[in-house]
Amino acid sequence: CCLNRQTILKFAKWLWVAAVIVAGGVYLVTHWASVSGYFATIAVQNLLLSALFLAAGKLVLVFLSQEAVQGEGLNIGYAEIFRIVAISQLGKYIPGGVWHFVGRFNLYHDRELSARKSTKALIVENVWLLSGAVISGAAAGLLSPQAPELLERIGWRVGGWGLAALGVGLLLAWLGLLVGFERFFRKKDEAQLTWGRVLRLMGVQAAVWVLLGISFAFVFPQVSADTLLLNISVYALSWIVGYVVVFAPGGLGVREATLTWMLASVIAPEDALIYSTVHRFVYVVVELILGALAGGMQLLNKKE
């Protein structure tokens, strides 16, 4: 007897979950030898704080996904969207660079969001995500004490008022992008961004990159207030490079190389590579823990 469609879909979902768990596990096992020695140079409390801030950033980021699907008419609670995001995001470690999008699309579709609306929600979320990383990273860099020196190295001599003007210009550009994109992308009869939603989206994005940047700062032996904004900036901007380079699963190697290059003027390149590699390891562990938590929540819901 041929398997029915529901059985095939159920089998495919479990196969996908197994694939992402294996992909994440393979990364940890294959990279442990290269990073195990580095952990001895970093205090345990720093690693724990790095993991906690990273998890917090990931949890705040879930609100962005929730906002995107609600804009397409799918009213979904935080716990459920967390399960969708935490499980599907592990797909990026499968070679191909698109499996986390495929997983998210299918999970949205399972909740009766049409293929068209699922696609739109993913596009909207990624526009928000990328624009937020660019603006938050650039703004943090402009506010950092190192900004005048770094800008001078590329031929820009900008004083305090100039930096402030650039910062205001970035925020206005971001505001214009969010409102303009919403009006262009959605039909007139669909939900539009209100000013409250715009400010909420900007606040969520800023919180995400502050939390992730602080997480990165904690992998350094000493956390300094003088370099905190710079850490937030380089992390957000390097994340973008890793995210758009789809041939690298999860941006593996690309983000670390970009971080090393961006920090080369502040610390020794070999040190930058060490700390960025350690943070990637922490990043994968946190994502696997969140994915396991989401999977556990899913199983408990089915038993009820």
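FYI, side chains are in, hydrogens and waters are out, and symmetry mates aren't considered; it's all heavy atoms of this structure.
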Trainee: If two hydrophobic side chains count as joined below 4.5 Å and joins carry through other members, does V127 share a cluster with M202?
Mentor: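 V127 and M202: one cluster.
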Trainee: Who pairs with Y275 by ring-ring contact (aromatic ring centres under 6.0 Å, His included), at least two apart in sequence or on another chain?
Mentor: F220
Trainee: Return the minimal non-hydrogen interatomic distance between I76 and Q66, and the atom names on each side.
Mentor: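 Looks like O-NE2, 2.9 Å.
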Trainee: What residues form a ring-ring contact (aromatic ring centres under 6.0 Å, His included) with W239, not counting sequence neighbours?
Mentor: W209, Y243
Trainee: So which heavy atom on N231 is nearest to which on G213, and how close?
Mentor: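 Closest heavy-atom pair between N231 and G213: CB-O, 4.1 Å.
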Trainee: For the backbone of N46 and the side chain of S50, can you confirm whether one donor and one acceptor N or O come within less than 3.5 Å of each other?
Mentor: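 No; judged by distance alone, with no hydrogens or angles, the pair does not exist.
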Trainee: Where is the tightest heavy-atom contact between L64 and Q205, given as atom of each residue plus distance?
Mentor: CD2-NE2, 3.1 Å
Trainee: Within a strict 4.5 Å, meaning less than it, do heavy atoms of the V134 and L130 side chains meet?
Mentor: no
Trainee: Of the non-hydrogen atoms in V69 and A121, which two are nearest, and what is the gap between them?
Mentor: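 Taking every non-hydrogen atom into account, CG1-CB, 4.1 Å.
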Trainee: Please name all residues satisfying side chain to side chain contact (heavy atoms under 4.5 Å, CB included) with L293, sequence neighbours left out, ordered by chain then number.
Mentor: F82, M297
Trainee: Would V204 and L199 show up in the same hydrophobic cluster when neighbours are defined by side-chain heavy atoms closer than 4.5 Å?
Mentor: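 Each belongs to a different hydrophobic cluster.
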Trainee: How about L54 and L212: do any of their side-chain heavy atoms sit closer than 4.5 Å?
Mentor: yes
Trainee: Taking S136 for its side chain and A133 for its backbone only, find out whether a donor-acceptor pair lies under 3.5 Å.
Mentor: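 Judged by distance alone, no pair lies under 3.5 Å.
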Trainee: Does a side chain donor of either E125 or S65 reach within less than 3.5 Å of an acceptor in the other side chain?
Mentor: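 Side chains of E125 and S65: pair found under 3.5 Å.
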Trainee: Can you name the ring-ring contact (aromatic ring centres under 6.0 Å, His included) partners of Y283, sequence neighbours left out?
Mentor: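 Result, ring-ring contact (aromatic ring centres under 6.0 Å, His included) vs Y283: none returned.
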Trainee: Checking the side chain of S233 only, and the main-chain atoms of L229 only, is there a donor and an acceptor separated by less than 3.5 Å?
Mentor: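 Side chain of S233 to backbone of L229, a donor-acceptor pair under 3.5 Å: no, none is there.
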Trainee: For F218, give me all partners under ring-ring contact (aromatic ring centres under 6.0 Å, His included), at least two apart in sequence or on another chain.
Mentor: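 F53.
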Trainee: At their closest point, which heavy atom of Y108 faces which heavy atom of S118, and how far apart are they?
Mentor: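 Between these two residues, the closest heavy atoms are CB-OG, 3.5 Å.
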Trainee: Rounded to the nearest 0.5 Å, what separation is found between the CZ atom of R116 and the CD atom of E72?
Mentor: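 R116 atom CZ to E72 atom CD measures 7.0 Å (nearest 0.5 Å).
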Trainee: What distance do L59 atom CG and L290 atom CG have between them, rounded to the nearest 0.5 Å?
Mentor: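 Between L59 CG and L290 CG, I get 6.0 Å after rounding to 0.5 Å.
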Trainee: As an exercise, state the distance from CG of L170 to CG of L175, rounded to the nearest 0.5 Å.
Mentor: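 Here the interatomic distance stands at 12.5 Å.
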Trainee: State the CG-CG distance between L61 and L129, to the nearest 0.5 angstrom.
Mentor: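 These two atoms lie 6.0 Å from each other.
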Trainee: In sequence, state the C-alpha distance, the side-chain angles, and the governing distance for V284 and L288, and then conclude on side-chain contact (heavy atoms from CB on, under 4.5 Å).
Mentor: CA-CA 6 Å; V284 175; L288 285 173; 4.1 Å; yes
Trainee: Quick check: is F216 connected to L48 through a chain of hydrophobic side chains (ILVMFWY, heavy atoms under 4.5 Å apart)?
Mentor: no
Trainee: Using modelled atom types and a 3.5 Å cut-off, is there a donor and acceptor pairing between side-chain atoms of S114 and backbone atoms of K117?
Mentor: yes
Trainee: So, taking the atom named CD1 in I135 and the one named CG in L142, what distance separates them when rounded to the nearest 0.5 Å?
Mentor: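 If we round to the nearest 0.5 Å, I135:CD1 and L142:CG are 10.0 Å apart.
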Trainee: Hey, what do you get for CD1 (I274) to OG1 (T260), rounding to the nearest 0.5 Å?
Mentor: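 These two atoms lie 9.5 Å from each other.
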Trainee: Taking all non-hydrogen atoms of both residues, which atom of R104 and which atom of L122 are closest, and how far apart?
Mentor: CG-CD2, 3.5 Å
Trainee: Side-chain heavy atoms under 4.5 Å apart, restricted to Ile/Leu/Val/Met/Phe/Trp/Tyr: what other residues fall into the cluster of V168, or is it alone?
Mentor: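 Hydrophobic cluster check, V168: joined to L172.
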Trainee: Quick one, H279 and S215 - any side-chain contact, counting heavy atoms below 4.5 Å?
Mentor: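 Sidechains of S215 and H279: in contact.
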